[in-house]
Amino acid sequence: ETGVTQTPRHLVMGMTNKKSLKCEQHLGHNAMYWYKQSAKKPLELMFVYSLEERVENNSVPSRFSPECPNSSHLFLHLHTLQPEDSALYLCASSQDLPRTGLHNEQFFGPGTRLTVL
Amino acid sequence: KQEVTQIPAALSVPEGENLVLNCSFTDSAIYNLQWFRQDPGKGLTSLLLIQSSQREQTSGRLNASLDKSSGRSTLYIAASQPGDSATYLCAVKGYSSASKIIFGSGTRLSIRP
């Protein structure tokens, strides 16, 4: 596997379900990101992890819970979602300059298409 | 607060034409600007990254320029092909550690055979 991979590619869940999205990067990067892409809206940055520490949380509802166990893996745990959470969830990675918040080129995974019924 | 605008939202041109896509940003204190393409329902593919100290970057038929003083970047595509049809997005990262990565809404490009 190369680049950034995401599983599953498609997910349909009910509002009471609990599920997790997984992202893995094979690029040796030290930062990983979760983005949300809804129809007709710009990409929204949700979470940033740098050196496995969460450095940014953009007012995301608590029903989305990220986890970064190591620099290569990133999870997004989902529970009691709403229909308006249906979107394409994209993971990305980059090589950050430590403790500066500055990053180089971002590489994206193929995304998980999430539908909440 | 940084705002990134891409106009037009959609563009259709015949195959073989050279074309320019635009990206404007309101805060010129940027660290870098990155251009991506996105095919329907897919992730983003990085095309070019321009650091704030650079004026342009080239890759094959693509050339991206950056003018920080005017808050503009352009993506030039030479000799367009139907395979270039996609949505093109630009993203700006500010210089301060607290600044977020801000994406434009994209330009949906269609190349007619």
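Within every chain, numbering begins at 1; the chains are lettered A, B, ... in the order of the sequence lines, protein sequences first and strands thereafter.
Residues A:Phe75 and A:Val48 do not share a hydrophobic cluster, clusters being chains of Ile/Leu/Val/Met/Phe/Trp/Tyr side chains in contact below 4.5 Å. If you chain together hydrophobic residues whose side chains sit under 4.5 Å apart, B:Leu21 and B:Ile102 fall into the same group. One hydrophobic cluster, built from ILVMFWY side chains closer than 4.5 Å, cannot hold both B:Leu44 and A:Trp34; they sit in different ones. Cluster membership check: A:Leu76 shares its hydrophobic cluster with A:Val60, using side-chain heavy-atom separations under 4.5 Å among Ile, Leu, Val, Met, Phe, Trp and Tyr. Linking Ile, Leu, Val, Met, Phe, Trp and Tyr whenever their side-chain heavy atoms come within less than 4.5 Å leaves B:Phe103 and B:Leu33 in two separate clusters.
Counting heavy-atom pairs closer than 4.5 Å to chain B, the top residue among A:Gln6, A:Gln37, A:Arg113, A:Arg9 is A:Gln37. For the set B:Gly104, B:Gly43, B:Gly106, the entry with the most heavy-atom pairs within less than 4.5 Å of chain A is B:Gly43.
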message: Before you tell me yes or no, could you show the steps for A:Glu105 and B:Asn32 under side-chain contact (heavy atoms from CB on, under 4.5 Å), namely the whole-Å CA-CA distance, both residues' side-chain angles and the distance that decides it to 0.1 Å?
response: CA-CA 9 Å; A:Glu105 192 173 5; B:Asn32 61 36; over 6 Å; no
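For the atom pair CD1 (B:Ile101) and OH (A:Tyr35), the distance works out to 3.5 Å, reported to the nearest 0.5 Å. Summarising the geometry, atom CG belonging to B:Leu49 is positioned 10.0 Å from atom OG belonging to A:Ser94; distances are rounded to the nearest 0.5 Å. In this structure, the separation between CZ on A:Phe107 and OG on B:Ser46 is 5.5 Å, given to the nearest 0.5 Å.
Formation of a donor-acceptor pair under 3.5 Å by the B:Gln34 side chain with backbone atoms of A:Gln106 is found in this model.
The contact between A:Leu43 and chain B is made by backbone and side chain atoms together, counting heavy-atom distances below 4.5 Å. There is no contact between B:Gln6 and chain A, counting heavy-atom distances below 4.5 Å.
Taking both residues in full, the closest heavy atoms of B:Lys42 and A:Leu88 are given as O-CD2, 3.7 Å, listed atom of the first, atom of the second, then distance. Nearest heavy atom pair, residue A:Asn104 against residue B:Tyr31, reads OD1-OH, 4.0 Å.
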